[in-house]
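Data block below; observations after.
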Amino acid sequence: MAENKNTQLMEKIVSLAKRRGFIFQSSEIYGGINGFWDYGPYGARMKRAVEQLWWREMVETRDNVEGLDSTIICHPKVWKASGHLDQFSDEMCDCRECKARHRVDQMENPEVCPNCGSKDLTEPREFNLMMKTFVGPVFDEDHAAYLRAETCQPIFVDFHNVRVAARQKLPFGIAQIGKAFRNEINPRNFTFRSREFTQMEMEFFCDEAEGMEWYEYWKGQRIKYYREKLGFTDDFMKIHDHEKLAHYAKAALDIEVKFPFGWGELEGVHHRGTWDMSRHQEFSGQDMQYMDHDNKRKVMPTVIETSVGLDRTILALLCNAYDEDTAETQKEGKATDVRTVLRFPALVAPVQIAVLPLSKKLSESAKELYNDLNRHFRSEFDVTGSIGKRYRRQDEIGTPFCITYDFESAEDNSVTVRHRDSMQQERVNVTQLRSYIEERIGY
Ligand code: ATP
């Protein structure tokens, strides 16, 4: 029963995301391509907003974190050093009956095809997840290259360039936002597991002795960000400490959220020890150590990583925000009407303010107000349909504030602000409007 309800909820979210222009299947007119997604007008706005928020929180407000924007294709040795070329693989098997391909670790019973029930399966084989391409006109192994599978490796590789250019000393971090590619065997759960996605990663370099202290610090910072900026409460988000660690790791945890299809990883916080920098030293032959002039010694930097998917963040926000209410709707008239509402935090809502003139006759003055507000907030102007319909349209895309410009507005220089969640209305003077909204968005 509950599973059914959750499947239905997920279907509603996917359908709303398509209908209202958040997320569509890539190349839809050609039948789509599995594991690839496009962001429509509201999705693109929201992605930008979350990206900017993360960048502001992790880079711009900190003196000890620098930004980087590296290439997607790196020297293939980078992926040798990182272990991706040799180890970044899943065991998989094919069903000879229905031709479906499965990840062995995800099969409940690895002897039976979960798709058709056949027992005629191939032996499990290693499948490398790196996407391969060729650089230059010759398509042979000497010219093979790979699309990055994570954004952090170029950060390790560029460590000295960034450090010298930014005149940073240990401890300090480098952050990057960008595309990553994984040839996932089984893309599923909407955008949760895609083949092309965006990561937001920060690698913090410190002395080995301070590693655990920084790990705890970044864990705290990231939890605070989800609680305070994205509005995730403890029933939606949990911490999963890893018991089984990679051989080089000192500590690791996942921040998981409750998707309709179950708990899923949103972000990883990892204490990676000196593994990454030592590997790049070994494979490049360059000295990746840091010269600690104060104590006259060289140290191999220890790395604390925070790594989150932007697409999974958008999906988490959509799932956490989706709601349907009937009781509240009665306040605005129709008792039987079910209101679909996305309760996004105002900080990341694709539209923060909708300016709605009560009548077409008021369009000109209302448009002036809209132009003014649009310089400070993500805004939209809508004049078509009844005011009730326009409110519903905005509720459905999660607009926290609707501003109605009515016949009195020109006289008293005031407008009505209607709040998405409570549906309460307040009269606010136009001169106060900007600070009124800013205060409520929580900039
Ligand atoms: P999973 O176990 O779900 O495959 P992972 O542990 O391999 O994930 P990491 O390599 O730690 O993931 O990547 C960091 C973050 O990047 C993840 O927490 C997730 O938000 C995002 N991410 C990883 N793989 C994908 C994917 N295929 N599609 C969308 N986002 C992804």
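We're numbering straight along the sequence, starting at 1. Whatever order the structure lists them in is the order used to number ligands and atoms, beginning at 1.
The protein heavy atom nearest to atom 6 (O) of ligand 1 is E265 OE1, 3.3 Å. Given atom 28 (N) of ligand 1, the protein heavy atom at minimum distance is S194 N, 2.9 Å. Distance from atom 10 (O) of ligand 1 to its nearest protein heavy atom, with residue and atom name: R182 NH2, 2.9 Å.
Inclusion of Q199 in the set of residues having an N or O under 3.5 Å from an N or O of ligand 1 is warranted. Looking at ligand 1, you won't find any N or O of G268 less than 3.5 Å from one of its N or O atoms. An N or O contact shorter than 3.5 Å is missing between E201 and ligand 1 by distance. For the pair F197 and ligand 1, the shortest N or O to N or O distance does not fall below 3.5 Å. Considering backbone and side-chain N/O of E150, none are found under 3.5 Å from N/O of ligand 1. For T191, no nitrogen or oxygen atom sits less than 3.5 Å from a nitrogen or oxygen atom of ligand 1, counting backbone and side chain alike. Considering backbone and side-chain atoms together, H270 places no N or O closer than 3.5 Å to any N or O of ligand 1. Inclusion of V308 in the set of residues having an N or O under 3.5 Å from an N or O of ligand 1 is not warranted.
Note on K132 versus E141: salt bridge recorded, some NZ/NE/NH1/NH2 to OD/OE distance being below 4.0 Å.
Aromatic pair W79/Y146: centroids not less than 6.0 angstrom apart. Aromatic ring centroids of F159 and F205 lie under 6.0 Å apart.
A side chain to side chain contact (heavy atoms under 4.5 Å, CB included) with Y225 holds for exactly one of Q221, R227, R222; it is R222.
In this structure, K179 places its NZ atom where more than 12 heavy-atom neighbours from other residues, nucleotides or ligands lie under 6.0 Å away.
Scanning both residues, F24 and K18, for their nearest heavy atoms gives CE2-O, 3.5 Å.
The shortest side-chain heavy-atom distance between W54 and E57 does not fall under the 4.5 Å cut-off.
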